[in-house]
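Just so you know, these numbers come straight off a predicted model, no measurement behind them.
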Amino acid sequence: MLYQIYEAQRSLLEPFADMADAASKAYGNRHTLLGQLPMAQRVSAAYALFHRLGKDYEKPEFDIRKVDVDGVEVAIDERVEIDKPFCQLLRFKRFSDDPPTLDKLKEQPPVLIVAPLSGHYATLLRDTVRTMLEGHKVYITDWKNARMVPLSEGEFHLDDYVNYVQEFIRHVQGKYGNCHIISVCQPTVPTLAAVSLMASRGEKTPITMTMMGGPIDARKSPTTVNDLAVQRSYEWFENNVIYRVPPNYPGAGRRVYPGFLQHAGFIAMNPDRHASSHYDYFKDLIKGDQSSADTHRKFYDEYNAVLDMDADYYLETIKTVFQDYSLVNGTWDVRSPDGAVERVRPQDITTTAQMTVEGELDDISGSGQTKAAHALCTGVPRREGDHLEVKGAGHYGIFSGRRWRTVVYPQVKAFIARYHAEAAQRGEVTMPAPRQPAPAPVQQVAPAQRAAAEELGQLRLDDLETAVPDITVPSPAKRAAPRRGNGNGAAAVAKSAPKTAAKRTTKATTKAVSKAPSKRSNGARAS
């Protein structure tokens with residue numbers, strides 16, 4: 001019932017939010033009567049803030065149209081590689097008309113980014129994708145809003161998440177021989193499970209696996225998120241946060257954890273910071289600081305856009321990751337698409353290099369939670385630089401913003417490049433064939449000139465690279481001079497010029513042939 005009440009409230013508020021947006025523009029335009037009133041700028045700012053608080057936030061776009069690769073602008077085409085009921089695999093295809101850049105792009109490592117399914121859309125990793133595109137072929141999981149998935153598509157469980165990741169890995173491996181995988185926040189657990197199951201079956205596993213800010217072992221340095229999951233029972237979550245989708249959506253009747261409840265939880269974690277941020281936005285509008293106001297809009301356009309999660313997936317994640325600690329306790333069983341139940345054994349991973357990244361000030365995945373993956377994967381030897389703690393970075397700082405671009409990405413890039421080069425030497429990845437230079441165009445030579453040249457011995461067949469148009473000798477009737485006094489003298493001269501040139505060329509060619517010894521007549525005599 002709560003979901004229906006929320007939808008009614010949102011529908012009622014939406015027209016007022018639109019009117020507030022129009023009023024904000026009217027008062028903010030100094031060329032209107034309203035814009036010339038006293039306090040008009042403050043009134044405009046107040047309406048703009050009301051519009052931001054009352055509007056409905058839809059799924060944002062990645063909006064990555066181009067990236068810079070070593071000083072060369074490369075075009076980006078976003079396309080769907082695999083479309084599943086609850087997720088689609090996106091590829092960011094890169095294009096360039098610069099041959100050296102194109103060769104460089106083909107040789108760069110393929111990377112599968114597993115985005116979180118924890119309330120926000122995959123576009124939350126926009127900065128991650130944009131930066132990775134500078135040196136990698138990039139794929140990403142784009143999870144769908146559960147309220148948009150019809151009931152006929154069935155339920156979605158944590159096991160399905162793990163199976164999706166395995167399918168996507170195999171898809172990228174099928175194109176390039178192998179790949180690298182990066183998981184951010186929530187998917188670190190199911191991604192580690194997916195690779196573990198592939199290793200246990202003897203399948204080819206990714207070359208490297210980078211895990212960033214995820215709850216591999218949620219017992220270490222517990223945060224507010226961890227405490228909430230422990231303090232409430234499984235039944236409490238099922239009875240208090242699970243609702244059915246209203247009838248005005250394709251997924252009507254599906255049990256979900258609604259996005260608006262998740263958003264309320266996000267705000268409740270730091271209410272003072274969000275209130276201060278909106279007040280600063282109000283002051284920036286009054287001052288006319290559009291740059292700061294745009295920064296606020298971009299952040300909250302993403303932060304306020306949330307999706308519903310299927311109830312089975314959400315509840316199983318709470319129990320498996322935050323209550324039973326099934327991964328670290330070695331008690332996690334996953335059902336494969338064919339119905340087989342398999343035990344998750346991270347110790348079976350032996351050929352996938354691993355790197356973990358944590359933020360010093362992360363208030364969602366505490367210190368040590370992600371690093372715990374190394375203790376579970378005993379089959380992978382510890383190496384120097386396999387763990388990075390980013391000083392001064394919070395949860396979002398390790399995959400977005402300045403610290404991501406200047407601290408985290410360079411080390412992740414070097415980590416991937418090192419093991420990709422080793423895999424290429426072993427022949428485990430498909431390297432593109434070297435680009436062959438286009439052959440020089442060989443143009444046609446006039447038959448009359450070719451015959452004369454061969455007779456005189458002045459040209460060789462393989463030297464005939466310059467083009468000479470074939471010559472058509474005009475008939476005597478067409479060579480007749482135009483009549484004078486018809487007013488078209490200039491046109492007649494222009495028309496006769498190419499014919500005169502052709503005549504001279506033909507005469508010279510004929511003369512050259514007549515001076516040359518006649519091989520044809522000699523042959524006739526021998527016969």
Side-chain angles (χ1 to χ4, degrees), residues 67 69 81-82 89-94 104-116 122 125 127-142 162 164-185 187-199 203-214 216 346 349-357 370 373-374 377 379-381 383 385-388 398-399 404 408-432:
V67 295
V69 178
E81 288 275 313
I82 300 177
L89 179 65
L90 296 183
R91 179 187 181 185
F92 295 87
K93 178 71 174 176
R94 302 174 297 174
K104 185 184 304 181
L105 297 179
K106 291 180 179 179
E107 295 175 355
Q108 290 176 343
V111 175
L112 169 61
I113 301 176
V114 185
L125 304 186
D127 199 20
T128 312
V129 173
R130 182 184 291 111
T131 307
M132 293 293 297
L133 280 170
E134 297 174 6
H136 307 84
K137 306 180 183 79
V138 177
Y139 294 76
I140 191 170
T141 58
D142 184 24
V162 175
Y164 273 27
V165 174
Q166 293 180 78
E167 180 178 349
F168 296 154
I169 291 174
R170 296 187 192 104
H171 174 78
V172 182
Q173 287 177 335
K175 297 175 73 72
Y176 304 105
N178 210 334
C179 66
H180 307 261
I181 190 166
I182 296 177
S183 55
V184 181
C185 189
T188 54
V189 175
T191 298
L192 180 56
V195 177
S196 300
L197 292 171
M198 295 177 71
E203 292 187 60
K204 182 192 302 182
T205 58
I207 302 170
T208 67
M209 178 167 53
T210 304
M211 293 164 280
M212 305 172 63
I216 298 294
I349 302 175
T350 58
T351 60
T352 299
Q354 297 174 355
M355 179 179 183
T356 53
V357 181
T370 312
H374 295 291
C377 301
V380 180
R383 304 176 177 92
D386 63 2
H387 177 70
L388 172 64
I398 61 176
F399 61 85
W404 151 249
V408 181
Y409 174 66
Q411 297 196 43
V412 172
K413 181 180 179 180
F415 170 72
I416 292 175
R418 171 187 172 186
Y419 290 100
H420 189 77
E422 294 179 1
Q425 291 178 354
R426 296 191 299 266
E428 297 177 3
V429 293
T430 304
M431 300 300 292

Legend entry - Results of ring pair (Phe, Tyr, Trp, His ring centres under 6.0 Å) for Y164 - residues two or more places apart only: F156

Legend entry - Heavy-atom pair with the smallest gap, counting every atom of C377 and Q354: SG-NE2, 3.0 Å

Inset, instruction - Report the C-alpha separation of I169 and V195 in whole Å, then their side-chain angles, then the decisive distance to 0.1 Å, and conclude whether the side-chain contact (heavy atoms from CB on, under 4.5 Å) test is met. - result: CA-CA 9 Å; I169 291 174; V195 177; 4.2 Å; yes

Inset, instruction - Go through the side-chain N and O atoms of T131 and W404 and say whether any donor and acceptor fall under 3.5 Å apart. - result: yes

Inset, instruction - Would you mind reporting whether H374 and V380 have side-chain heavy atoms less than 4.5 Å apart? - result: no

Inset, instruction - Assess whether side-chain contact (heavy atoms from CB on, under 4.5 Å) is satisfied between F399 and L125, documenting all intermediate values. - result: CA-CA 7 Å; F399 61 85; L125 304 186; 3.4 Å; yes

Legend entry - pair T191-M211: side-chain heavy atoms closer than 4.5 Å: no

Legend entry - Presence of salt bridge, R170 and E203, under 4.0 angstrom: yes

Legend entry - Side chains of I113 and Y139 in contact at under 4.5 Å (non-hydrogen atoms): no

Legend entry - Exercise: do T351 and T205 side chains pair donor with acceptor under 3.5 Å: yes

Legend entry - T208 vs I181 side-chain heavy atoms within contact, under 4.5 Å: no

Inset, instruction - Check for a donor-acceptor pair, side chain of K137 on one end and backbone N or O of Q108 on the other, with a separation under 3.5 Å. - result: yes

Legend entry - Distance in Å, H180 NE2 paired with I207 CD1, rounded so as to fall on 0.5 Å steps: 4.0 Å

Legend entry - Validation row: L388, M355 side chains within 4.5 angstrom (heavy atoms): yes

Inset, instruction - Hey, could you give me the CG/CD1 distance between L89 and I140, rounded to the nearest 0.5 Å? - result: 9.5 Å

Legend entry - Exercise: identify the closest heavy-atom pair between Y176 and R91: OH-NH2, 2.9 Å

Inset, instruction - Search all heavy atoms of L105 against all heavy atoms of R94 and return the closest pair with its distance. - result: O-NH2, 3.2 Å

Inset, instruction - For residues P206 and T352, report the shortest heavy-atom separation together with the two atoms involved. - result: O-OG1, 2.6 Å

Legend entry - NZ-NE2 distance between K413 and H136, expressed to the nearest 0.5 angstrom: 6.5 Å

Inset, instruction - Heavy atoms only: give me the nearest P116-P187 pair and the separation to one decimal. - result: CA-CD, 3.5 Å

Inset, instruction - Indicate yes or no: at least one non-hydrogen side-chain atom of T210 is less than 4.5 angstrom from one of F415. - result: yes

Inset, instruction - Would you mind reporting whether I182 and V114 have side-chain heavy atoms less than 4.5 Å apart? - result: no

Inset, instruction - With the side chain counted from C-beta on, respond yes when V357 and T370 share a heavy-atom pair under 4.5 Å apart, and no when they do not. - result: no

Legend entry - Option among H420, Q173, E428 that satisfies the side chain to side chain donor-acceptor pair (under 3.5 Å) test with N178: Q173

Legend entry - Atom pair CD1/OG1 of I398 and T128 - distance to nearest 0.5 Å: 9.0 Å

Legend entry - Test item: T356 side-chain N/O and H387 main-chain N/O as donor-acceptor pair under 3.5 Å: no

Inset, instruction - Taking all heavy atoms of P346 and all of S196, pick out the closest pair and write down the distance. - result: CA-OG, 3.2 Å

